[in-house]
**Student:** 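To start, I am sharing the structure in question, which I have written as structure tokens.
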Amino acid sequence: MKEVEAKENLRFKIRHSAAHVMAEAVLNLFPGTKVGIGPPTNDGFYYDFDCSEAFTAEHLKKIEKEMKRIIKSQKKFSGVSVSRKIAREKFKDQKYKLEIIDGIPEEEEITIWNHETWEDICRGGHVESTNQIPAFKLLDVAGAYWRGNEKNPMLQRIYGTAWESKDALKSYLSKLEEAAKRDHRKLGTSLELFYFDPMAPSMPFFYPKGAKLLNLLMDYMRQKYQYYEYQEVMTPQIFDSKLWDLSGHSEHFKENMFFTETENRTMGLKPMNCPAHYLIFRSQLHSYRDLPVRLADFGRLHRNERSGVSHGLTRVKSFSQDDAHIFCRFDQIEDEIKAFLSLLEEIYQDFGFEEPLYHLSLRPKERSGTDQVWDESEKIMKKILDNSNKKYLVQEGEGAFYGPKIDVMIPDAIGREWQLGTVQLDFFAAKKFKLNYFSNESQKQEPIVIHRAIFGSLERFLGILIEHYGGAFPFWLSPTQYILIPISENQFSYCDKVNKELSKFGLRGNVDKTSDRLNAKIRKAQLNKTPLMIICGDKEVDSDSLTIRFRDGENVSNIKTNALNILNNDPIKIKDDETLLKLLKP
RNA sequence: GCCUCGGUAGCUCAAUGGCAGAGCAGCUGAUUUGUAAUCAGCAGGUUGUGGGUUCAACUCCCUCCCGGGGCUCCA
């Protein structure tokens with residue numbers, strides 16, 4: 001652990017130093033540029049510049065060259081502590097730096113770090129000399145508001161990466177390449193899963209294979225719902241805007257909603273399911289014996305995101321969720337959250353995700369509900385996480401105004417973190433929507449509402465899965481599980497017969513009857529990452545058997561068609577190709 | 001929304017002011033093949049949209065649309 005920390009610390013210093021060197025290089029090449037901030041990041045560093053010229057890829061090359069010159073000249077880093085007055089004097093031409101100086105509390109010391117030819121207000125954390133920046137590369141330039149506030153001027157942010165060795169840099173760059181290859185937007189096109197059309201911007205159209213995947217995800221979730229006693233409901237798409245006034249969406253979410261007028265009424269497209277579920281709950285009487293009530297909904301949601309934030313499937317304007325709301329008594333919270341977390345971990349395991357990291361968000365400054373309710377519920381959530389030995393971080397003040405929440409972070413196959421599941425307590429909904437149940441003394445009581453999701457948005461989850469699997473879905477999720485490949489026309493009818501039998505077993509696939517040669521058919525199936533290529537020539541027809549090529553290139557012969565029936569016994573168990581091979585290899 | 005880069009055939013990409021092209025995919029024909037591309041022919045375009053400059057615009061200028069990168073990991 002210590003070693004890891006030391007390494008991270010060194011990387012931090014290298015990156016922070018590289019940011020300073022980059023700032024000097026930019027000022028040398030573009031005199032008069034105003035500088036913003038330049039921190040190290042998880043993978044590299046950036047620095048913000050206010051320069052009249054727009055930086056291009058050519059400029060980045062020049063800046064890199066200048067940085068290399070500075071690095072070679074072995075400038076020593078050192079820091080001094082200075083008075084406010086001196087600091088202001090030194091940076092009198094740097095308006096952003098002056099703002100930073102003025103923002104530093106009186107009692108705090110101001111330190112300036114320099115590497116001889118350049119100085120910066122800086123807390124420190126640098127290597128000793130510029131030549132201790134062994135490997136770096138500038139990656140990209142992008143716009144960034146000063147201090148992230150869109151009322152402030154837009155600066156140009158140059159992103160770079162820096163590492164302790166050339167090899168480390170190289171492996172980072174190849175990781176980026178690997179990620180680019182797995183980009184779900186690319187694979188979405190080449191695997192024919194979905195596309196976007198300007199006629200409905202940022203709203204995905206799913207081709208049959210993409211729709212199959214979404215349906216498989218829903219089928220899977222419905223099975224879990226059955227076991228975990230959720231009840232699926234279906235609710236309308238548009239609601240009278242009075243509902244959104246009541247829910248508070250009109251006040252807080254209006255910019256993100258679509259509205260339509262009809263017969264002098266304003267109707268709003270739902271951006272969330274919760275209010276609809278409250279209406280359902282409210283429409284019937286509930287006894288304390290009936291609780292918890294768990295309402296699940298795959299309804300389509302629309303959110304009018306600001307243009308410029310959409311990204312493939314991971315940020316869209318039209319999507320559905322594995323959304324559910326649990327209405328329960330206060331004393332049921334603990335069991336409900338426990339059950340939810342166990343369901344969630346069970347599900348992530350089925351998709352081959354590693355252990356999640358939990359973020360526990362506690363009471364924010366502005367909140368509803370009494371302190372007593374917050375005390376107790378936060379205690380419950382902590383207890384659950386502690387008792388089950390889960391890895392978690394506490395985020396003070398990050399909870400929703402209506403209750404504390406747990407968000408779930410998941411690392412994918414190439415180590416990137418995604419926020420997927422969430423579970424949020426809500427002490428507010430019942431009051432607002434007049435939800436109640438009858439207690440054992442026949443008194444009206446307000447239920448606690450628990451908002452929860454595991455996939456989050458199905459579209460986004462699919463995007464993450466595409467990248468997680470690199471497009472090679474496990475057998476149970478593959479839209480096309482097999483391709484029957486007749487070697488010549490002579491085996492067409494045999495293939496048709498086998499195809500019918502396999503589809504009786506519930507397997508998905510088809511016969512490749514093109515006039516391509518075997519090689520080409522295999523190549524096509526491989527590029528589509530089809531799990532099973534079932535090859536039929538005269539040999540197979542004569543022995544009434546099949547030869548199966550797996551997508552890793554492995555072959556198994558003399559398989560009877562009936563043997564494939566076991567693939568549909570418990571398909572979710574077939575999480576990887578190894579399991580698949582073992583099942584079919586005699 | 002804002003900054004910036006981009007948009008050429010279904011896909012991947014050429015052509016930088018002077019006749020819009022290639023590979024793959026598609027179609028037609030031939031071939032019937034044993035583990036990652038058979039051969040030949042044909043067809044495919046209002047160069048995102050609308051306007052402007054020019055003898056001439058994919059190319060230069062403006063408008064809009066769509067997409068990519070990003071918009072505190074806080075000196």
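Not measured: the values here are computed from a predicted model. Below, read A as the first sequence line, B as the second, and so on, with proteins coming before strands; counting in each chain starts at 1.
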**Student:** Name the pairing partner of B:rG34, where a pair is Watson-Crick or G-U wobble with both distances under 3.5 Å, or state none.
**Tutor:** none
**Student:** Distance between the P atoms of B:rA43 and B:rC62, in whole angstroms?
**Tutor:** 40 Å
**Student:** So what does A:E540 hit on the nucleic acid, given a heavy-atom distance under 4.0 Å: a base, only sugar-phosphate, or nothing?
**Tutor:**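 The answer is base, as A:E540 lies within the cut-off (heavy atoms under 4.0 Å) of a base atom.
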**Student:** Reckon A:K97 touches a base, only the sugar-phosphate, or nothing at all at heavy-atom distances under 4.0 Å?
**Tutor:**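 Sugar-phosphate only.
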**Student:** For the pair A:K585 and A:E554, find out whether any cationic side-chain nitrogen is under 4.0 Å from an anionic carboxylate oxygen.
**Tutor:** yes
**Student:** Between A:E459 and A:R300, is there a salt bridge with N-O shorter than 4.0 Å?
**Tutor:**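 Counted as a salt bridge, because a side-chain N and a carboxylate O are separated by less than 4.0 Å.
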**Student:** Select base, sugar-phosphate, or nothing to describe what A:G312 touches, counting heavy atoms under 4.0 Å on all strands.
**Tutor:**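 The residue A:G312 makes sugar-phosphate contact but no base contact.
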**Student:** Would you please confirm or rule out a distance under 4.0 Å between OP1 or OP2 of B:rG69 and any side-chain N or O of A:R185?
**Tutor:**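 Yes.
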**Student:** Can you identify which nucleotide, out of B:rA36, B:rU33, B:rU35, has its nearest atom closest to the A:R517 side chain?
**Tutor:**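 Selected nucleotide: B:rU33.
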**Student:** Base, sugar-phosphate, or nothing for A:N519, non-hydrogen atoms under 4.0 angstrom?
**Tutor:** sugar-phosphate
**Student:** Measure up the A:W163 and A:Y172 rings against each other and bin them: parallel (under 30°), tilted (30 to 60°), perpendicular (over 60°).
**Tutor:** tilted
**Student:** Using a cut-off of less than 4.0 Å, is there contact between a side-chain N or O of A:R123 and OP1 or OP2 of B:rA75?
**Tutor:** yes
**Student:** Base, sugar-phosphate, or nothing for A:I110, non-hydrogen atoms under 4.0 angstrom?
**Tutor:** base
**Student:** Would you mind telling me which of B:rU32, B:rU38, B:rG69 lies closest to the side-chain atoms of A:A520?
**Tutor:** B:rU38
**Student:** Expressed in whole Å, how much space separates the C1' atoms belonging to B:rG34 and B:rA40?
**Tutor:** 25 Å
**Student:** Using the C1' atom as the point on both nucleotides, what is the distance between B:rG7 and B:rG18, in whole Å?
**Tutor:** 24 Å
**Student:** Looking only at the side chain of A:T41 (C-beta and beyond, no hydrogens), which of the listed nucleotides B:rG34, B:rC73, B:rG69 gets closest?
**Tutor:**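 Of the options given, the side chain of A:T41 lies nearest B:rC73.
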**Student:** Which of these nucleotides, B:rU32, B:rU35, B:rC71, is closest to any side-chain atom of A:Y145?
**Tutor:**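 When the side chain of A:Y145 is considered, B:rC71 is the closest of B:rU32, B:rU35, B:rC71.
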**Student:** Looking at B:rG67, which nucleotide sits across from it as a Watson-Crick or G-U wobble partner, both distances under 3.5 angstrom, or is there none?
**Tutor:**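 The base-pairing partner of B:rG67, which may sit in any strand shown, is B:rC5.
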**Student:** Which is true for A:L155 with a 4.0 Å heavy-atom rule: it touches a base, it touches only sugar-phosphate, or it touches nothing?
**Tutor:** nothing
**Student:** Kindly indicate whether a cation-pi arrangement holds for A:R15 with A:F45, taking the cut-offs as under 6.0 Å to the six-membered ring centre and within 45° of the axis.
**Tutor:** no
**Student:** Partner lookup for B:rC11, please. Criteria are Watson-Crick or G-U wobble with both distances under 3.5 angstrom; report none if nothing qualifies.
**Tutor:** B:rG23
**Student:** Students often get this wrong, so: under 4.0 angstrom with heavy atoms, is A:I485 touching a base, only sugar-phosphate, or nothing?
**Tutor:** nothing
**Student:** Roughly how many Å apart are B:rG44 and B:rG23, using the C1' atom of each and rounding to a whole number?
**Tutor:**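 14 Å, rounded to whole Å.
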**Student:** Want to settle it: does A:E108 or A:M154 sit nearer the 5' end of RNA chain B, counting the closest nucleotide to each?
**Tutor:**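 Nearer the 5' end of the strand: A:M154.
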**Student:** If you only use heavy atoms from C-beta on, which nucleotide in B:rU32, B:rA75, B:rU72 is closest to the side chain of A:N490?
**Tutor:** B:rU32
**Student:** Can you check whether A:S310 has a side-chain N or O nearer than 4.0 Å to OP1 or OP2 of B:rC66?
**Tutor:** no
**Student:** More 5' along RNA chain B: A:E150 or A:K317, using each one's nearest nucleotide?
**Tutor:** A:E150
**Student:** Would you measure the distance from the P atom in B:rG67 across to the matching atom in B:rG51 and give it in whole Å?
**Tutor:** 24 Å
**Student:** Exactly one of A:Y47, A:F91, A:Y145, A:W146 should register a ring pair (Phe, Tyr, Trp, His ring centres under 6.0 Å) with A:Y96. Which one does?
**Tutor:** A:W146
**Student:** Quick one: which of B:rU38, B:rC11, B:rG67 gets closest to the side chain of A:T189?
**Tutor:**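 The answer is B:rC11, which lies nearest to the side chain.
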**Student:** Could you tell me whether A:A144 contacts a base, only the sugar-phosphate backbone, or nothing, with contacts defined as non-hydrogen atoms closer than 4.0 Å?
**Tutor:** sugar-phosphate
**Student:** Could you give the CZ-to-P distance, from A:R315 to B:rG70, as a whole number of Å?
**Tutor:**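 Atom-to-atom, A:R315 to B:rG70, this comes out as 13 Å.
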**Student:** So what does A:D140 hit on the nucleic acid, given a heavy-atom distance under 4.0 Å: a base, only sugar-phosphate, or nothing?
**Tutor:**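 Counting heavy atoms under 4.0 Å across all strands, the contact made by A:D140 is with sugar-phosphate only.
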**Student:** Measuring to OP1 and OP2 of B:rG69, would you say a side-chain N or O of A:H311 lies under 4.0 angstrom away?
**Tutor:**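 Checking B:rG69 against A:H311, a side-chain N or O does come within under 4.0 Å of OP1 or OP2.
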**Student:** So what does A:R147 hit on the nucleic acid, given a heavy-atom distance under 4.0 Å: a base, only sugar-phosphate, or nothing?
**Tutor:**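 If one applies the 4.0 Å heavy-atom cut-off, A:R147 turns out to touch a base.
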**Student:** According to the interplanar angle, ranging from 0 to 90°, do the rings of A:H20 and A:W118 count as parallel (below 30°), tilted (30 to 60°) or perpendicular (above 60°)?
**Tutor:**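 It falls in the perpendicular class, over 60°.
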**Student:** Should B:rA56 form a Watson-Crick or G-U wobble pair with both distances under 3.5 Å, which nucleotide is its partner?
**Tutor:** none
**Student:** Identify whether the distance between the nearest side-chain nitrogen and carboxylate oxygen of A:K92 and A:E89 falls below 4.0 Å.
**Tutor:** yes
**Student:** At under 4.0 Å between heavy atoms, what does A:E554 touch on the DNA or RNA strands: base, sugar-phosphate, or nothing?
**Tutor:** nothing
**Student:** Could you work out which one of B:rA75, B:rA36, B:rU35 sits closest to the side chain of A:L518?
**Tutor:**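 Looking only at heavy atoms from C-beta outward on A:L518, the closest nucleotide is B:rU35.
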**Student:** Taking NZ, NE, NH1 and NH2 as the nitrogens, is one of them in A:K61 or A:E64 under 4.0 Å from a carboxylate oxygen of the other?
**Tutor:** no
**Student:** Look at the side chain of A:N555 against the base of B:rU35 and say whether a donor-acceptor pair falls under 3.5 Å; ignore hydrogens and angles.
**Tutor:**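 Result: at least one qualifying N/O pair found.
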**Student:** Does B:rC39 pair with anything, Watson-Crick or G-U wobble, both distances under 3.5 Å, and if so, with which nucleotide?
**Tutor:**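 Across any shown strand, B:rC39 pairs with B:rG29.
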**Student:** Side chain of A:Q526, heavy atoms from C-beta onward: which of B:rA36, B:rA75, B:rG67 has the nearest atom to it?
**Tutor:** B:rA36
**Student:** The side chain of A:I37 is closest to which nucleotide in this list: B:rC74, B:rA36, B:rC71?
**Tutor:** B:rC74
**Student:** Considering only side-chain heavy atoms of A:Y159, which listed nucleotide, B:rA37, B:rU4, B:rC71, is closest?
**Tutor:** B:rC71
**Student:** Please work out if A:T547 contacts a base, only the sugar-phosphate, or nothing of the nucleic acid, heavy-atom cut-off 4.0 Å.
**Tutor:**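 A:T547: base contact, heavy atoms under 4.0 Å.
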